[in-house]
Amino acid sequence: MTEKYSGILIFAEQKDKTIHKVVFELLSEGRKLAEQLGVGVYCALLGPGGIDAKELIYRGADAVYYVEDDEIFNMPDELAYSENLVNLIKTIKPEICLIGATSLGRSIAPRVAAALETGLTADCTDLRIDDDGKLIQIRPAFSENILAHIVSDKMPQMATVRYKEFQESKPDFNRTGEIVSFNSIRPMDRTFEFIKELSRKETDISDSDVVVSVGAGIKNSEDIKMIYELAGLLKGTVGASRAVVENGFISREHQIGYSGNRVKPKLYFACAISGAAQHIAGMKDADTIIAINTDPSAPIFNIADYGIVGDIYEIVPMLIKRLKEINQN
Amino acid sequence: MRVIVLVKQVPDMERVKFDTEKGVIDRKSAGTEINPFDLNALETALQIGEKTNSEIIVLSMGPHSAEQSIRDAIARGAHKGILLNDKKFGGSDVKATSVTICAGIKKIGNFDLIIAGMQSVDGDTGQVGAEIAQILKIPHISFVEKLNEFDCNSLTVTSNIWEGIYLKKVKLPALITVTKDINIPRLPSFKNKMLARKAEVTVWGYDDLEEHLEESQLGFKGSPTKVKKIVIPKTAHREGKMWREDYSHAVDNLIEVFKCRKILEV
Ligand SMILES: Cc1cc2nc3c(=O)[nH]c(=O)nc-3n(C[C@H](O)[C@H](O)[C@H](O)COP(=O)(O)OP(=O)(O)OC[C@H]3O[C@@H](n4cnc5c(N)ncnc54)[C@H](O)[C@@H]3O)c2cc1C
Ligand SMILES: Nc1ncnc2c1ncn2[C@@H]1O[C@H](COP(=O)(O)O)[C@@H](O)[C@H]1O
């Protein structure tokens with residue numbers, strides 16, 4: 001069975017003709033795996049015409065299969081995306097298929113896996129090749145308390161991979177490769193009567209270098225202003241624990257954690273957050289973690305580089321004042 | 001209309017203890033509950049049901065104890081509960097789970113809408129819903145955070161996907177997965193609690209589903225993905241410096257940290 005399947009196929013997610021950065025991360029990781037296996041790296045680019053597909057070659061693909069359609073790929077239509085991806089996979093027969101664990105990726109990958117009657121590992125954070133040339137898919141489980149090493153005994157071996165786990169591959173303009181155009185198929189049964197974009201995310205908190213987060217120690221929504229002020233002075237964005245979101249003090253977009261956003265900033269600043277496992281799941285990979293909490297036994301201190309046992313209502317204003325002084329000089 | 005809600009029984013993840021040596025959760029350390037996202041799925045079904053006079057069936061696959069979750073769902077307003085339970089179902093991964101649940105759905109038959117949670121807090125793949133939709137050859141909409149309009153033929157919802165908020169209208173039959181934002185689940189009512197205690201929970205095993213299921217698709221054997229190893233993640237080394245008083249000194253130190261880490265330009 002393995003003979004028939006060869007190479008690594010990466011789903012090159014795009015929106016408005018811009019390729020998602022997770023694709024460049026998958027290309028750098030995919031190249032490493034491909035080198036070990038001695039196979040090629042291919043991209044499946046499903047989108048409207050006019051996308052710069054060469055960029056994918058420069059960043060590590062040996063070939064790009066460009067399924068061009070101006071109509072069906074302008075919207076997150078799971079049927080259109082998954083049927084075309086299935087069609088492509090059946091033709092190329094890659095041994096490994098990697099999809100970024102973005103919201104779209106997470107919605108179409110299971111459809112594709114089910115259609116191909118193969119396995120699918122969700123939300124991987126690391127990938128390796130074992131001695132038999134099989135893909136080891138590593139994913140956190142149980143609120144990130146463990147890492148499970150998973151293998152699949154069906155082809156293709158499919159996984160969704162989290163954004164920001166790997167370095168982006170750098171473009172090398174001397175790289176060459178083929179861009180193969182591939183016919184699109186329109187889902188026969190157009191059961192989606194319409195899809196319309198209402199609004200889009202303005203700032204993606206997961207792209208911020210600095211996140212200043214607030215927890216249930218904040219007394220009312222008015223007081224969050226000081227957190228915004230601190231975040232502003234540090235050129236960062238504001239995050240929150242679920243407790244604050246559920247109090248209605250701030251919108252869900254700001255939630256950090258297991259059921260919110262995962263962030264990996266240079267600095268994560270936790271203000272009055274206890275550090276529940278579900279919160280830590282979303283921020284533990286920050287380069288530097290600072291925590292302020294009145295309770296010296298709060299679990300957040302176990303993972304903080306710098307901790308202050310104290311009241312945010314006292315310390316945050318002091319910090320703001322000092323930062324403003326520095327800015328003035 | 002007939003609406004099927006997929007509910008999974010999970011350990012109470014906020015209380016469950018974790019054995020970091022062995023890499024397993026101590027299931028006895030906490031009770032079980034309905035997967036929190038599935039309560040939102042149930043609430044969505046109940047709201048649709050009230051307006052369209054629909055039958056709400058909860059379907060769960062799991063151990064005998066999952067009957068408790070089904071009773072809980074009935075206490076919250078579901079009309080009927082079915083548990084898929086068989087030794088042969090043990091060790092199922094996403095694919096085997098989806099195939100088995102689909103067999104249950106086919107046996108129920110004549111459904112218009114299937115509602116699942118966006119993910120389970122223990123399995124945590126968020127894949128079962130969309131796999132089921134594919135196997136049943138119906139469309140699905142993931143991450144539904146608002147129910148805009150519905151009738152017996154179609155559903156219009158708001159979905160948070162592709163770095164945006166999208167309004168989607170789909171013809172039924174279809175499957176949706178819902179987020180926590182869609183609603184606040186109601187609590188069990190006293191009257192329904194009494195009903196739930198007496199309610200009959202239908203249990204189907206492999207023999208009942210044989211018509212829709214091959215034995216090779218089941219459980220561990222029917223699962224293409226296998227856990228080879230469990231590793232306890234290394235926690236990153238952290239400096240772990242603490243200040244308990246003299247906040248002004250602490251603040252000075254933080255400013256130095258900001259400068260060092262190039263967060264403040266100097
Ligand atoms: C399935 C599931 C998913 C979840 N997903 C998430 C998620 O994505 N994100 C998330 O955050 N949580 C999530 N949770 C909830 C999580 O378990 C915790 O309940 C939550 O993180 C607690 O938030 P908190 O730390 O702000 O509140 P608390 O735990 O109440 O902690 C508040 C802290 O503030 C301190 N404090 C109080 N006043 C002050 C003051 N003036 N100055 C300084 N310190 C002060 C207290 O000592 C305390 O440590 C999830 C739970 C479950 C079961
Ligand atoms: N064993 C199960 N029984 C019933 N529903 C399930 C089961 N496993 C998963 N589901 C449904 O699928 C959703 C996603 O689960 P998961 O893919 O495990 O994250 C859950 O919120 C449930 O609605």
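Sequence lines set the chain letters: A, B, ... in the order given, protein chains first and strands last, and positions in each chain run from 1.
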(message) Between A:Asn145 and chain B, with a heavy-atom cut-off of 4.5 Å, which part of the residue counts as in contact: side chain, backbone, both or neither?
(response)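 Interface part for A:Asn145: both.
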Output the option from [options] having the highest count of non-hydrogen pairs under 4.5 Å with chain B.
options: A:Arg252, A:Glu144, A:Met318; value: A:Arg252
options: A:Gly236, A:Ala114, A:Ala148; value: A:Ala114
options: A:Ser152, A:Ala277, A:Ala109, A:Gly307; value: A:Gly307

(request) Could you tell me whether B:Lys168 and A:Asp77 make a salt bridge, using a distance below 4.0 angstrom between a side-chain N and a carboxylate O? (result) no
(message) Do the side chains of A:Asp153 and B:Lys226 get close enough for a salt bridge, i.e. N-O under 4.0 angstrom?
(response) yes
(message) On a heavy-atom basis, which atom in A:Thr118 and which in B:Lys95 lie closest, and how many Å separate them?
(response) O-CD, 3.7 Å
(message) Just so I understand: if I count every heavy-atom pair under 4.5 Å between each of B:Val231, B:Asn160, B:Ile135 and chain A, which residue has the most?
(response)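 The answer is B:Val231.
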(message) Testing A:Ile326, A:Ile290, A:Leu233 one by one against B:Phe258 for a side-chain contact (heavy atoms from CB on, under 4.5 Å), which residue passes?
(response) A:Ile290
Side-chain contact, heavy-atom cut-off 4.5 Å: [X] with [Y]?
X: A:Leu319; Y: B:Ile255; value: yes
X: A:Gln278; Y: B:Met13; value: yes
X: A:Phe142; Y: B:Asp122; value: yes

(request) Mind running side-chain contact (heavy atoms from CB on, under 4.5 Å) on A:Glu193 and B:Val170 for me, showing each step along the way? (result) CA-CA 6 Å; A:Glu193 284 175 30; B:Val170 68; over 6 Å; no
(request) Consider only side-chain N and O atoms of B:Tyr247 and A:Glu314, and report whether a donor and an acceptor are under 3.5 Å apart. (result)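 There is no such pair (donor and acceptor under 3.5 Å, judged by atom type) between the side chains of B:Tyr247 and A:Glu314.
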(request) Decide side-chain contact (heavy atoms from CB on, under 4.5 Å) for B:Val94 and A:Leu120; before the verdict, give the C-alpha distance in whole Å, the side-chain angles of both, and the deciding distance to 0.1 Å. (result) CA-CA 8 Å; B:Val94 171; A:Leu120 173 64; over 6 Å; no
(message) Can you tell me how the ring of B:Trp162 sits relative to the ring of A:Tyr81, calling it parallel under 30°, perpendicular over 60° and tilted otherwise?
(response) perpendicular
(request) Give, for atom CD1 of A:Ile308 and atom CD of B:Glu245, the distance between the pair rounded to the nearest 0.5 Å. (result) 12.0 Å
(message) Let's go through A:Val151 and B:Thr225 carefully: what are the C-alpha distance in whole Å and the side-chain angles of both, what is the deciding distance for side-chain contact (heavy atoms from CB on, under 4.5 Å) to 0.1 Å, and is it a yes or a no?
(response) CA-CA 6 Å; A:Val151 294; B:Thr225 60; over 6 Å; no
